[in-house]
Amino acid sequence: MATPMSIEVWNPNGKYRVISTKPMPGTRWINLLVEGGCRVEICTQKKTILSVEDIIALIGEKCDGVIGQLTEDWGETLFSALSKAGGKAFSNMAVGYNNVDVNAATKHGVAVGNTPGVLTETTAELAAALSLAAARRIVEADEFMRAGLYDGWLPHLFVGNLLKGQTVGVIGAGRIGSAYARMMVEAYGEFLKANGEPPVTWKRASSMGEVLQQADLISLHPILDKTTYHLVNKESLSLMKKDAILINCSRGPVIDEVALVEHLKANPMFRVGLDVFEDEPHMKPGLAELKNAVLVPHIASASKWTREGMATLAALNVLGKIKGYPVWSDPNRVEPFLNENVPPPSASPSIVNAKALGENQLKLTLMFAALKVVNKHAQNFLLRLPVG
């Protein structure tokens, strides 16, 4: 039997009961739900990952909607419980939803929301930061200093990789992959122009194998599905340069982590920067001990603006379904929902099973050009950073 959950309640007399399985950044999301007539219950239990039984206890006998987290197992059991409690809406506070059985949700008439359009730049920034940290051995050097081991400059102390003049590969050139590429270009662009140096060049790769073989630094940005599970494995790692750098801010199972550990052990000059892991929150044995791995705990979206925006979008997904609003026509154009100076549109920002549920979309005339990217996870390209 699940332990009774501790909760924080806002607007106790609200008409609709909405549960958040975790406290989320900011207060705007709470205010929007309260203004929409919701009683908001926030689980404050000191437990990182709630079990299915814990969430069932939170749902109780009457619940209109739930905001959940990507660490939770939202499948048949939870959607059945939510439906029986009268619930019609669930939203992940995440763009990904591989923790959600969308078919089970649809079967029970529950809308599934996610939060795209707000994570692009912040995720790309972390990928760029991990690229530099791995290349220049920042974490190793920091630990060395904190341990009091530095007693003077030495010619071979923490010698790393110079990125200028190297080839950067992007696997999965969708919104985030393209933003990462732009950041790597912008890091050099104005400097090169001012000094009369050759510009950064780029080309679309003919295959992933071309990227693996030619790139000095590779950043992974594919979606996770059956075609990208263990996309990077023993065979693909063997194609990479012995001193290459591999960055992953996409999804952990894109990399065969056991194969990666063995490759890092066999190739000490090969380095990785990982924000995600195959069996989160756990790492495969041996990874944590490797000095040529920079490891951070799934913080790609962890900027204040982004996390508060994710909370707002998740709340509005649930509120929109409760109120019977249509679904926003373009989930990647969410700026109108994030402007705190005006009320948000009367719409659910992003419902992934809207079509299956027969939801109406809000028709908009957009006064700007939209760039359509087809098969985002299949597009790869190479950037060449000029030699000085």
Side-chain angles (χ1 to χ4, degrees), residues 7-44 50 55 58-59 62-72 74 78-79 82 85-97 99-100 105 110-119 122 301-328 330-354 357 359 362:
I7 60 171
E8 175 184 318
V9 179
W10 293 71
N11 193 30
N13 297 319
K15 180 179 179 181
Y16 311 105
R17 182 169 177 259
V18 174
I19 302 295
S20 176
T21 62
K22 290 290 176 194
M24 299 190 297
T27 57
R28 184 170 182 250
W29 69 274
I30 299 173
N31 295 334
L32 289 168
L33 288 171
V34 168
E35 290 166 6
C38 298
R39 170 190 168 104
V40 183
E41 297 184 15
I42 304 169
C43 180
T44 56
L50 297 184
I55 298 172
L58 286 171
I59 291 171
K62 170 69 169 67
C63 180
D64 295 284
V66 178
I67 302 169
Q69 304 298 323
L70 54 78
T71 53
E72 300 157 2
W74 279 86
L78 285 181
F79 285 119
L82 180 56
K88 295 295 183 183
F90 165 80
S91 185
N92 246 11
M93 184 195 155
V95 64
Y97 49 92
N99 64 309
V100 179
V110 177
V112 174
N114 68 335
T115 62
V118 73
L119 297 93
T122 190
S301 64
S303 67
K304 182 176 183 293
W305 181 84
T306 297
R307 288 282 172 89
E308 289 184 1
M310 292 166 68
T312 295
L313 295 174
L316 290 173
N317 281 331
V318 171
L319 182 63
K321 178 60 179 176
I322 290 172
K323 292 286 194 177
Y325 295 155
V327 178
W328 191 243
D330 187 349
N332 295 307
R333 302 288 183 183
V334 296
E335 294 84 356
F337 295 96
L338 304 177
N339 184 349
E340 298 185 19
N341 298 316
V342 296
S346 296
S348 292
S350 178
I351 301 296
V352 301
N353 59 342
L357 290 172
E359 300 279 356
L362 185 65

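Only a predicted model underlies this, so the values are computations on that prediction, with no experimental measurement involved.
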Is a donor on one side and an acceptor on the other found under 3.5 Å between the side chain of Thr312 and the backbone of Glu308? yes
Got a donor-acceptor contact below 3.5 angstrom from the Trp328 side chain to the Arg333 backbone? yes
Under the 3.5 angstrom rule, does the side chain of Arg17 hit a backbone N or O of Arg39 as a donor-acceptor pair? no
Take Leu119 and Met310, measure what side-chain contact (heavy atoms from CB on, under 4.5 Å) needs, and give me the verdict at the end. CA-CA 8 Å; Leu119 297 93; Met310 292 166 68; 3.9 Å; yes
Have a look at Asn92 and tell me which of Asn99, Thr115, Val66 forms a side chain to side chain contact (heavy atoms under 4.5 Å, CB included) with it. Asn99
With sequence neighbours excluded, residues passing salt bridge (charged side-chain N to carboxylate O under 4.0 Å, His left out) with Glu72: none
Let's go through Leu82 and Ile55 carefully: what are the C-alpha distance in whole Å and the side-chain angles of both, what is the deciding distance for side-chain contact (heavy atoms from CB on, under 4.5 Å) to 0.1 Å, and is it a yes or a no? CA-CA 10 Å; Leu82 180 56; Ile55 298 172; over 6 Å; no
Correct closest heavy-atom pair for Lys323 and Tyr16 would be NZ-CE1, 4.0 Å
With under 30° as parallel and over 60° as perpendicular, where do the rings of Phe90 and Phe79 fit, or are they tilted in between? perpendicular
Does atom NZ (Lys15) have a neighbourhood of more than 12 heavy atoms from anything else shown, all under 6.0 Å? no
Do side-chain atoms of Asn11 reach the backbone of Glu35 as a donor and acceptor pair under 3.5 angstrom? no
Work out which heavy atom in Ile351 is nearest to a heavy atom in Gly113; give both atom names and the distance. CD1-CA, 4.0 Å
